[in-house]
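Each remark here refers to the structure printed beneath this line.
What you see below is based on every heavy atom in this structure, not just the backbone, and it leaves out hydrogens, waters and symmetry mates. When a ligand or atom number is given, it counts from 1 through the structure's own listing order.
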Amino acid sequence: MVKLTGLKKIKTAVFISGTGSNLKNLIQFSKIKKSSISIDLIISDTNKAKGLIYAKKYNIKKKIFNFKNLRIAEKNLLLVVQKERIDFICLAGFMKILSKDFIKKFNGKIINIHPSLLPKYKGLNTHIKAIKNKDNYAGCTVHYVSAKLDSGKIILQKKIKVKKSDTKTSLARKVLKQEHKLYPAAITKLFG
Ligand code: GRF
């Protein structure tokens with residue numbers, strides 16, 4: 001586990017594939033004095049990720065890797081992460097599955113946010129599944145990344161009530177709002 005030493009913030013990379021609202025939120029959180037992390041690198045698997053705009057906006061280094069060849073992508077990714085002296089990785093809507101080897105190299109230093117109450121609904125389409133199954137509760141989970149998809153140790157979870165009138169869109173909106181609170185809270189839980 002990474003430990004905070006003195007006043008130095010933990011150099012963090014955020015991996016994205018899409019809108020990047022969690023990325024934006026984590027950047028804003030990192031700028032708070034009491035936050036234990038700094039966001040020093042943004043990684044994406046596509047140059048189409050809307051969230052890449054935050055690299056320019058907040059003057060953060062960004063790198064895009066083509067994950068068609070996972071082995072080559074991760075080799076280059078590792079070089080960049082090491083060069084930037086990254087100590088901690090937050091996955092935030094990153095749609096690629098990292099290899100066991102990569103995860104092992106960063107054992108206990110990669111976390112992810114997932115839009116369901118894990119272990120329920122690993123993988124995609126979590127909100128549709130919750131609505132279809134008429135679940136009373138939905139939510140989000142921050143967890144360590146392990147070799148098995150969405151199965152690492154849970155750090156923090158937030159539960160919200162599903163209304164009868166909820167659609168997959170309204171539920172996604174509500175859960176995302178909670179994600180923006182949960183991710184910083186989970187990081188604070190880990191590092192103080
Ligand atoms: C979030 O719901 C996150 O839990 C999931 O993908 C979505 C990403 O949203 N893994 P954003 O790109 O952070 O806006």
Quiz prompt | Summary of ring-ring contact (aromatic ring centres under 6.0 Å, His included) pairs that have at least one residue in residues 12-42, sequence neighbours excluded | solution = Phe15-Phe94
Practice problem: Quick one, list the residues around ligand 1 where some non-hydrogen atom comes in under 4.0 Å, by chain and residue number. | Solution: Thr19, Gly20, Ser21, Asn22, Gly93, Ile113, His114, Pro115, Leu176, Glu179
Quiz item: For the atom pair NZ (Lys163) and CD1 (Ile131), what is the distance rounded to the nearest 0.5 Å?
Solution: 12.0 Å
Report, one line per pair, each donor and acceptor closer than 3.5 Å where one atom sits in a side chain of residues 63-73; sequence neighbours left out.
residue: Asn66; atom: OD1; partner: Lys68; partner atom: N; Å: 2.8
residue: Asn69; atom: OD1; partner: Arg71; partner atom: N; Å: 3.2
residue: Asn69; atom: OD1; partner: Ile72; partner atom: N; Å: 3.1

Practice problem: Determine the sole option in Lys24, Lys31, Gln28 for which the side-chain hydrogen bond (donor to acceptor under 3.5 Å, both in side chains) test with Tyr58 is passed. | Solution: Gln28
Self-check item: Salt bridge Lys120-Asp135, side-chain N to carboxylate O under 4.0 Å
Solution: yes
Quiz item: Residues in salt bridge (Lys or Arg N to Asp or Glu O under 4.0 Å) with Asp150, at least two apart?
Solution: none
